[in-house]
Undergrad: 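Mind looking over this structure? Questions follow.
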Amino acid sequence: MAMARLWVLLPLALAFPTPPEQTQEQVEIFEKAKARAKAASEAATPQVLAFFDGTLFREMLKDCCPAVAHLPASELLKRYRAEAQVAELAHALPSDNSGQRTPSADVTISELGNMSWFPNEYQVNLMSGKNSSSRGEDISDDAMKEIFGCKAFAGAVPTWSEASSRLIYVAHNMRRLDTGSEPHFGDFTVIFNSSRMKDSVLIAPYDTGMYTMNCLHPGLHPGSQTKTQSSSGQPGPPGPPMADLNCTAWSKDHKVDLPVGTLDYLDHLILPNLWSAINTTVSNQTVLDAARVLFSRSGISGIDYEDVPAMKESERNDYFESDILANPPVPAAVKLGIGSFATLFGTEEGRQLQTMALRYKWPLFWAYGEGTQTGPPPPQSQKVKSQKLNRRMADPSNIVKTTNASVSSSAAKQFENVWQEAVEARASRQVTDEDLLQWWNSLDQELRVAPVSASSCAQPHHCVGVDIAKKDCICKVQDEIFMV
Ligand SMILES: *[C@@H]1O[C@H](CO)[C@@H](O)[C@H](O)[C@H]1NC(C)=O
Ligand SMILES: *[C@@H]1O[C@H](CO)[C@@H](O)[C@H](O)[C@H]1NC(C)=O
Ligand SMILES: *[C@@H]1O[C@H](CO)[C@@H](O)[C@H](O)[C@H]1NC(C)=O
Ligand SMILES: *[C@@H]1O[C@H](CO)[C@@H](O)[C@H](O)[C@H]1NC(C)=O
Ligand SMILES: *[C@@H]1O[C@H](CO)[C@@H](O)[C@H](O)[C@H]1NC(C)=O
Ligand SMILES: *[C@@H]1O[C@H](CO)[C@@H](O)[C@H](O)[C@H]1NC(C)=O
Ligand SMILES: *[C@@H]1O[C@H](CO)[C@@H](O)[C@H](O)[C@H]1NC(C)=O
């Protein structure tokens with residue numbers, strides 16, 4: 001509701017001052033978690049190496065990823081760690097608050113344009129005058145406390161300072177989805193700069209909302225299939241239906257029994273990540289199927305981005321949840337942005353996004369995702385619909401001003417023509433999936449990019465994409481470098 005969103009006004013800004021980039025409490029939680037992660041990661045390394053040396057694992061690798069099938073386990077692990085360090089840290093947000101589709105309360109695109117840091121869901125709730133509940137119905141609160149070690153709020157509603165010590169949900173995009181995050185999580189995805197935010201990233205082996213509902217508090221969240229995950233207390237769109245997870249992958253008797261990881265220490269998460277969605281009692285999937293998706297979709301395999309295999313709907317949740325325990329400064333902590341082609345291309349909100357991205361000097365991309373415009377999150381379990389989710393494109397008006405990419409004038413012109421075509425179609429009728437596909441296919445393929453992988457660019461943390469046609473890295477223009 002528009003009225004509730006006026007918190008940018010001065011009196012409210014005074015009530016909600018910009019928090020420190022990391023509060024004392026966040027620093028302490030992180031340091032403690034890091035020490036535990038280091039010990040757990042080192043202890044788990046031999047087990048990971050043994051898994052990578054298994055006969056069946058090697059057979060799988062020969063089949064999916066011949067280029068790396070002969071590599072020793074130690075080299076595979078080295079590559080895994082390298083990709084994990086540069087994998088996108090993706091957080092999706094909605095274009096507006098009507099029918100918000102994100103898993104939790106969030107800023108909108110226009111609100112983000114007025115922020116000096118990226119707020120977490122508890123801060124968003126306070127700023128918009130909504131109550132967050134901490135009475136045990138709140139999946140986020142449970143996950144933050146029980147998995148990540150955040151402190152409980154003293155009262156029913158958090159204070160500003162308590163809220164400012166919580167974390168932001170982030171998906172780790174090692175499987176290189178074009179949308180960065182799950183395509184249903186929102187219209188605009190920010191990719192945080194992982195080298196900049198490294199000392200605040202805490203990693204769980206799997207989506208913690210799903211894991212909390214399935215494994216930690218199955219009784220508290222009965223019928224979560226039909227309930228929103230939103231902590232706002234407002235009824236929202238239905239959340240994703242429950243998958244049959246494997247709860248022994250990293251919990252025992254409804255208690256977490258694995259420390260979280262960091263970008264430096266995550267060996268202990270590798271096998272629990274693969275096992276989380278593999279429940280051999282209810283499905284015929286094996287842990288090798290999960291490993292196959294990870295290896296063939298990630299930069300480890302050396303498979304070209306256009307050739308990555310399609311993913312099943314259920315497999316999109318199989319990411320590390322790499323949350324940010326900080327109040328990341330805006331615009332500095334964000335590396336790039338990705339707009340949803342289906343919902344924003346050829347719209348007023350899409351124009352607003354382009355304007356904000358340029359003002360913040362954020363390189364802007366568009367993702368085709370599943371190429372569909374509407375609808376609640378689809379049922380995940382038995383659906384077999386598979387998609388490649390590998391169609392991402394640079395925004396020509398933005399990319400030449402924010403990176404060292406060059407774009408031909410014909411590609412830039414074509415982009416504007418198709419945008420106009422989309423504006424007119426959207427004004428006159430309900431657009432269809434066929435429209436979306438036709439628009440996408442009429443754009444110049446010169447603009448297509450792959451996400452950065454550890455092996456594709458010499459300085460991956462400075463780069464924001466790989467030009468597929470030219471096989472060249474697109475990198476952030478460093479003001480400092482160009483000034484000297
Ligand atoms: C900032 O806030 C103003 C006033 O609410 C709004 O009109 C504008 O769209 C917002 N976003 C940007 C990017 O300025
Ligand atoms: C928010 O929570 C407080 C304390 O529990 C309660 O008094 C108040 O009525 C709640 N407000 C709303 C809008 O739910
Ligand atoms: C990410 O942050 C680092 C500083 O921590 C900076 O050197 C690098 O250029 C940033 N990358 C991008 C793409 O903005
Ligand atoms: C596998 O799924 C079934 C059905 O949901 C469940 O009862 C069982 O506990 C699950 N197994 C594990 C190890 O979580
Ligand atoms: C769950 O995962 C563990 C490994 O963490 C595995 O040993 C077990 O067989 C799995 N259970 C099911 C039901 O698939
Ligand atoms: C597993 O495989 C068996 C034999 O091929 C088949 O009968 C069964 O339906 C499969 N189960 C599932 C859940 O796919
Ligand atoms: C952009 O800069 C990077 C790093 O300096 C370089 O490797 C790459 O080739 C450049 N790309 C283009 C398109 O100029």
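Whatever order the structure lists ligands and atoms in, that order sets their numbers, starting from 1. Residue numbers count from 1 along this sequence.
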Undergrad: Report the part of Leu271 (side chain from C-beta onward, or backbone N, CA, C, O) that has a heavy atom under 4.0 Å from ligand 5; answer both or neither where that applies.
TA: neither
Undergrad: May I ask you to list the atoms of ligand 7 that are less than 4.0 angstrom from any heavy atom of Cys473?
TA: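 Listed by number with element: 1 (C), 8 (C), 10 (C), 11 (N), 12 (C), 13 (C).
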Undergrad: In terms of ring plane angle, is the pair Tyr211 and Trp250 parallel, tilted or perpendicular, where the classes change at 30° and 60°?
TA: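 Taking Trp250 first and then Tyr211, their aromatic rings lie parallel (interplane angle under 30°).
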Undergrad: Please list, chain by chain and in numerical order, all residues satisfying ring pair (Phe, Tyr, Trp, His ring centres under 6.0 Å) with Tyr360, sequence neighbours excluded.
TA: Trp362
Undergrad: Between Arg79 and Glu75, does any NZ, NE, NH1 or NH2 come within less than 4.0 Å of an OD or OE carboxylate oxygen?
TA: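 Here Glu75 pairs with Arg79 in a salt bridge, since their nearest N and O are under 4.0 Å apart.
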Undergrad: If you measure from each non-hydrogen atom of Thr280 to ligand 5, which part falls under 4.0 Å: side chain, backbone, both or neither?
TA: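 Under 4.0 Å from ligand 5, Thr280 contributes backbone and side-chain atoms.
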Undergrad: May I ask you to list the atoms of ligand 7 that are less than 4.0 angstrom from any heavy atom of Asn404?
TA: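 Per the distance check, 1 (C), 2 (O), 3 (C), 8 (C), 10 (C), 11 (N), 12 (C), 13 (C), 14 (O).
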Undergrad: Heavy-atom contacts with Asn279 under 4.0 Å: which atoms of ligand 5 show up? List them by number with element.
TA: 13 (C), 14 (O)
Undergrad: Establish, from distance only, whether the side-chain atoms of Asn273 and Tyr206 form a donor-acceptor pair under 3.5 Å.
TA: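 No.
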Undergrad: Is it the case that more than 12 heavy atoms not belonging to Lys388 sit under 6.0 Å from its NZ atom?
TA: yes
Undergrad: Are Phe185 and His91 near enough that their ring centres are under 6.0 Å apart?
TA: no
Undergrad: Looking only at N/O atoms, are Ser406 and ligand 7 under 3.5 Å apart anywhere?
TA: no
Undergrad: Listed by chain and number, what are the ring pair (Phe, Tyr, Trp, His ring centres under 6.0 Å) partners of Phe57, not counting sequence neighbours?
TA: Phe51, Phe52, Phe295
Undergrad: Hey, which atoms in ligand 5 end up nearer than 4.0 Å to a heavy atom of Asn246?
TA: 1 (C), 2 (O), 3 (C), 8 (C), 10 (C), 11 (N), 12 (C), 14 (O)
Undergrad: Which of these, Asp323, Asp141, Thr23, sits in a side chain to side chain donor-acceptor pair (under 3.5 Å) with Arg166?
TA: Asp141
Undergrad: Can you list the atoms of ligand 5 that are under 4.0 Å from a heavy atom of Ala249?
TA: 5 (O)
Undergrad: As a test of reading the model: which residues have a non-hydrogen atom less than 4.0 Å away from ligand 3?
TA: Asn193, Ser195, Arg196, Lys335, His461, His462, Val464, Lys476, Gln478
Undergrad: Before we go on, tell me: are the rings of Trp439 and Trp366 under 6.0 Å apart, centre to centre?
TA: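 So the answer is no for these two rings.
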Undergrad: With a cut-off of 4.0 Å, which atoms of ligand 5 are near a heavy atom of Ile278?
TA: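 Reading through ligand 5 atom by atom, the close ones are 14 (O).
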Undergrad: Listed by chain and number, what are the disulfide bond (SG atoms under 2.5 Å apart) partners of Cys215, not counting sequence neighbours?
TA: Cys247
